[in-house]
Amino acid sequence: MKNVSNIIRNRTISTVLALWALVACDVLLADDKHIDVTVSGNKLIFLNSECPERPGELGCVMAEYGNSPMISWELTGMGSEQWQFSGLSFNPTPLQDCTVEDFGLSEADRQSGTASTAQIVANGKRLQIRDHNRNQCITQYTLSAVSSEGTYIDSDPVVDNRGGGRH
């Protein structure tokens, strides 16, 4: 009986370690995407593009086939000190199935456009979301920020998913 118990325990440990290794490899192999954002007047201004084929389309993010990146935006530069990210939403609503699936959104998110899986970190200076990129899908997004005085601003580029991401 003790041998059977040891065998079961060893198999369970092996299975857990194998699953952990798969998740770790997935994260390590992801080609994460990062967009720097600043504030100019009453608008969020994107400083770079993550769309290699469209470098002039600032704020654009392309997830290549087979990639499941973490997409992040960071408030930087003069003028952004008094601002914090307040949210990320997708549009138009109701959201397409591919957008809901690729970003792990709920049915409520489908109707509202809210990206409930997005996280605001670093004292509001960074916003991030995992893009599972399972489908070919172009999704428009709106990034918003609020000032210390309560003023809201936003901007609206696109995420261009090429599909084939890992589940």
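Not a single donor-acceptor pair under 3.5 Å links the side chain of Gln82 to the backbone N or O of Ser148. Thr142 contributes no side-chain N or O that, together with a main-chain N or O of Asn91, makes up a donor-acceptor pair within less than 3.5 Å. Checking side-chain atoms of Asn135 against main-chain N and O of Gly163 turns up no donor-acceptor pair under 3.5 Å. The main-chain N or O of Met70 is found under 3.5 Å from a side-chain atom of Asp32 such that the two form a donor-acceptor pair. Side chain of Glu81 to main chain of Gly79: a donor-acceptor pair is present (N/O by atom type, distance under 3.5 Å, no hydrogens or angles). Checking side-chain atoms of Thr114 against main-chain N and O of Ser116 turns up no donor-acceptor pair under 3.5 Å.
Residues Ile45 and Tyr141 do not share a hydrophobic cluster, clusters being chains of Ile/Leu/Val/Met/Phe/Trp/Tyr side chains in contact below 4.5 Å. Hydrophobic clustering, with ILVMFWY side chains joined whenever heavy atoms are under 4.5 angstrom apart, keeps Trp73 apart from Met62.
Looking only at side-chain heavy atoms (C-beta outward), Leu95 and Phe103 stay at 4.5 Å or farther from each other. Side-chain contact check for Thr93 versus Arg110: every heavy-atom pair is 4.5 Å or farther apart. Phe46 is listed as a side-chain neighbour of Ser155, based on a closest heavy-atom distance under 4.5 Å. Under the 4.5 Å side-chain criterion, counting only non-hydrogen atoms from C-beta, Ile35 is in contact with Val61. Counting heavy atoms from C-beta outward, Ile129 and Leu88 have side chains that approach closer than 4.5 Å. Using a 4.5 Å heavy-atom threshold, the side chains of Val146 and Thr151 count as separate. In this structure, Thr76 and Val37 have side chains that are not in contact, with every pair of non-hydrogen atoms separated by 4.5 Å or more.
Considering all non-hydrogen atoms of both residues, Arg54 and Ser49 come closest at O-OG, 3.2 Å. Counting all heavy atoms, side chain and backbone alike, His34 lies closest to Asn48 at O-ND2, 3.0 Å. When all heavy atoms are compared, the tightest approach of Thr99 to Leu105 is O-CD1, 4.0 Å. Of all heavy-atom pairs between Thr38 and Ser80, the closest is OG1-CB, 4.4 Å. Annotation for Ser68 and Gly165: closest pair OG-CA, 3.5 Å, computed over non-hydrogen atoms.
In summary, the aromatic rings of Trp83 and Tyr152 are positioned with their centroids too far apart to meet the 6.0 Å limit.
Classification of Arg162 and Glu64 as a salt-bridged pair fails, no side-chain N sitting under 4.0 Å from a carboxylate O. Salt bridge annotation for Lys33-Asp131: absent, with no cationic side-chain nitrogen under 4.0 angstrom from a carboxylate oxygen.
Sorted by first and then second residue, the disulfide bond (SG atoms under 2.5 Å apart) pairs with a member in residues 75-150 read Cys98-Cys137; sequence neighbours excluded.
Results of the side-chain hydrogen bond (donor to acceptor under 3.5 Å, both in side chains) test with Asp102 over Asn161, Thr139, Asn133 single out Asn161 as the only residue that passes. Checked options Arg130, Arg126, Gln128; the residue passing with Gln119 is Gln128 (criterion: side-chain hydrogen bond (donor to acceptor under 3.5 Å, both in side chains)).
Expressed to the nearest 0.5 Å, how far CD of Gln84 lies from CG of Leu127 amounts to 11.5 Å. Going from atom CD of Gln140 over to atom CZ of Phe90 covers 11.5 Å, rounded to the nearest 0.5 Å.
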